[in-house]
Amino acid sequence: MSSAGVLSFAQQGWEQVLAKVKWSVVYLDAACAESLHWSCGSSRLLEAVKGPACNLREFEPQAIGGGAQQPRAVFVLSCLLKGRTVDTLQDIIRRSHFQYCVVVTAVSHAVHLTANHVPAAAAAELEGQQPVFEQLEEKLCEWMGNVNYTAEVLHVPLLLAPAAPHLAFTPAFATLFPLLPRDVHLLNSARPDKRRLINLSEVDATSLTPELLLHIRCLVSGLSSLCEHLGVREECFAVGALSRVIATDLANYAPAKNRRKTATGRASVVFVDRTLDLTGAVGHHGDNLIEKIISVLPQLPGHTSDVMVNMVELTAVQTMEENQNVIAPGCLAQSNDTSGKALWEALLNTKHKEAVMEVRRHLVEAASRENLPIRMSMGRVTPGQLMSYIQLFKNNLKALTNHCGLLQLGMATVQTLKHPQTAKWDNFLAFERLLLQSLGDSTMAVVLNQLLPMIKSPSQRTSDDYSSEELLILLIYIYSVTGEFVLDKDLREAEDRVKKALAHVFSEESELSPLLQKITGCDSAINLTFPKSQLAVNDIFTSLQEIAGARTLMRQFKSVYVPGNHTHQASYKPLLKQVVEEIFNPEKPDPTDIEHTSSGLTDLLKTGFSMFMKVSRPHPSDHPLLILFVVGGITVSEAKMVKDLVASLKTGTQVMVLSTRLLKPLNIPELLFATDRLHPDLGF
């Protein structure tokens, strides 16, 4: 087990793919492209293809087929080979001239058997055989037009996009988000003939929709492959309802039983539901430059976590708006650039002020190595100063090439520091701090009344005021940090006032953002009437109240709010921090909210005997490796906090932080108000 376990796992998977792509047209779906982007970069794939860049294509129904001079194709897919995915494969192959086709899927054959409704007992008898893949190989030859052509279907676990040695996310599961109480009602209505679920604590695999359960099984398949790569037998733990389902599925994943028998290492895998603490996800406490870059720069198309960095100023192209798309954007992932990667990892692990100084230091050292005429200046780092260093590289092709990754991160820093949203970050932080102090002395109704004057219609708003989306972020913060409350007359009236004001703002927007379109169900501002806005806002507040009650079923982790006293101000204590502190509590009490999920009769007996005999239950601190998986996303600051906390506790435990995605505040309303949480799109 090396500290670069997540990186070596991802790179090992891509090496298997790269071995297949020589002289081929390569089709990738968005999730695999994002994994490649962070693991080894598209340039590594191009080197392996040994052909022109146009040989890399997006996997979609309208994708260009292979010409007469392109007999080889490789398809790299994150999903099950079923339904629309197979239809798209057929469409592309039939209009091409391929004679050799390889299809790589990130989903194991065992999950394909589950997707095709093969019973577990029958699947166990097929160990070592791959009938689903073999049948598709026959189909591929049929679509190519000759049964003597070559077709191969194989599984490679391309699960992770590694952002750092200790941090990775799963692009194919970016929309996976924990359940809310309202989802219990939807699950009940879908199974009228079965026992009604009372609350989220009763949700298990049998009560989920087939699509969501299969989506979870795909994730479990990838995580099992990661444990195999690390050479560990895992003990699974969970904090939260959906995490418990995932942990139980991993603990009982049949194909993992043989590898667990031979594994020499041990690990604890702790899954945590994001909905138990949305405060940290939408808050602005994170004093981290990377977090701000991800939040304010535009998203890289097709990606969940990287951004577009405008590189026009390093070219001879005039910096006019119509030229913005002439030059390819820069990005944050620097998998093939040693100095860029070193700076990236330094920025992940330092506070904002130190990070900006680190950018300056790297630029100065790079300019010195290239003998560029640099003028040193000490003191406060400004965007203008950084830009003056970056401009030194402008007309020097060798220097540009040598330090391309570093310059992209430098430009990202400059554009973030100058961005108007960065100034607003401090406004958010000031409001959040004020709110924390107010909660100790005031009721929830008073807090909402303080928010009311900030809700302004588009015609009244200035650049310093909050947009509709930003108001939702503030409301999520308020309800998540407050926790469970009693809905009395004063609070009901305060909520009604905020609802009315928010509905007016929505209905007066001249243009609806994608988020407002999703929330209101209207694709145009013309169609969004005030009554429709009111219905949407009522739904929003139902979700907010459920978020406030998300920790109701917790016994230990009931609050993330620490009241102030004579010596300390009121503060926010992240749930992840509480979980990690409990895991490494030196007294090692039985954790009440970190639930161990059994993997068979032995574990059940051990748990049962422990009630009346001195048998130690499995504890998440028992093993030298801790894998913390946050279901629903994690911020860069939270990942750093976990890493630093484990190091400060001097446990000797290695920690890996995994999540479904890297978060910025705006992601949370998108995930929270999504309507397809129970029915993820699996491509069929």
Side-chain angles (χ1 to χ4, degrees), residues 275-287 295 421 423-456 460-462 464-505 537 540-552 554 557-578 635 637-638 641 665-666 668-669 672:
T275 42
L276 295 172
D277 177 12
L278 292 181
T279 311
V282 296
H284 296 72
H285 330 93
D287 187 20
S295 296
Q421 282 298 117
K424 196 178 268 191
W425 186 282
D426 294 333
N427 296 347
F428 272 105
L429 184 58
F431 177 82
E432 290 159 8
R433 285 175 174 166
L434 180 65
L435 171 67
L436 289 173
Q437 305 319 311
S438 300
L439 281 175
D441 309 318
S442 312
T443 62
M444 182 72 159
V446 171
V447 170
L448 288 179
N449 286 330
Q450 288 175 341
L451 179 69
L452 199 57
M454 301 180 188
I455 304 174
K456 296 182 180 179
Q460 296 175 312
R461 280 200 298 255
T462 67
D464 292 332
D465 292 317
Y466 296 108
S467 67
S468 296
E469 292 86 353
E470 289 166 341
L471 289 167
L472 293 177
I473 288 169
L474 288 175
L475 282 165
I476 293 168
Y477 186 97
I478 291 169
Y479 278 77
S480 180
V481 76
T482 302
E484 199 175 5
F485 55 80
V486 177
L487 189 60
D488 58 17
K489 178 174 174 288
D490 288 346
L491 178 54
R492 190 173 286 107
E493 289 175 355
E495 277 193 351
D496 286 343
R497 286 191 289 271
V498 172
K499 283 182 187 179
K500 186 177 179 181
L502 203 58
H504 274 297
V505 167
V537 169
I540 287 169
F541 270 79
T542 300
S543 294
L544 290 172
Q545 288 159 5
E546 291 181 345
I547 285 303
R551 296 181 293 274
T552 303
M554 297 281 108
F557 306 135
K558 287 192 83 70
S559 177
V560 294
Y561 176 70
V562 181
N565 55 34
H566 296 302
T567 55
H568 297 286
Q569 287 191 326
S571 61
Y572 155 66
K573 185 172 184 180
L575 182 101
L576 284 178
K577 185 174 186 179
Q578 296 180 48
T635 67
S637 297
E638 288 173 326
M641 179 265 294
L666 189 57
I668 290 300
L672 183 60

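The first residue of the sequence shown is numbered 1, and numbering continues consecutively from there. On a predicted model such as this, the values are computed, not experimentally measured, just so you know. Values reported hereafter were calculated over all heavy atoms of this structure, with side chains retained and with hydrogens, waters and symmetry mates removed.
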Can you give me the closest heavy-atom contact between [X] and [Y], atom names plus distance?
X	Y	result
L487	Q545	CD2-NE2, 4.3 Å
T635	A281	CG2-CA, 4.0 Å
P665	P669	O-CD, 3.3 Å
F428	L474	CD2-CD2, 3.6 Å
R551	V481	NH2-O, 4.1 Å
T279	S480	OG1-OG, 3.0 Å

Okay, side chain of [X], backbone of [Y]: is any donor-acceptor separation there less than 3.5 Å?
X	Y	value
K558	T552	yes
Q421	S295	no
Y572	G280	yes
Q578	K573	yes
E495	L448	no
D490	A445	no
K456	V505	no
T482	I478	yes

Kindly compute the distance separating [atom1] ([X]) from [atom2] ([Y]), expressed to the nearest 0.5 Å.
X	Y	atom1	atom2	value
Q450	F431	CD	CZ	7.0 Å
N427	Y466	CG	OH	5.0 Å
F557	D277	CZ	CG	11.5 Å
I540	I476	CD1	CD1	8.5 Å
R461	I455	CZ	CD1	11.0 Å
H284	W425	NE2	CH2	5.0 Å

Check whether any side-chain heavy atom of [X] sits under 4.5 Å from a side-chain heavy atom of [Y], and report yes or no.
X	Y	result
D496	F541	no
M444	Y479	yes
L672	L472	no
T443	L491	no
E638	P574	no
S637	H285	no

Around atom [atom1] of [X], are there more than 12 heavy atoms of other residues, nucleotides or ligands at under 6.0 Å?
X	atom1	value
K499	NZ	yes
Q569	CD	no
R497	CZ	yes

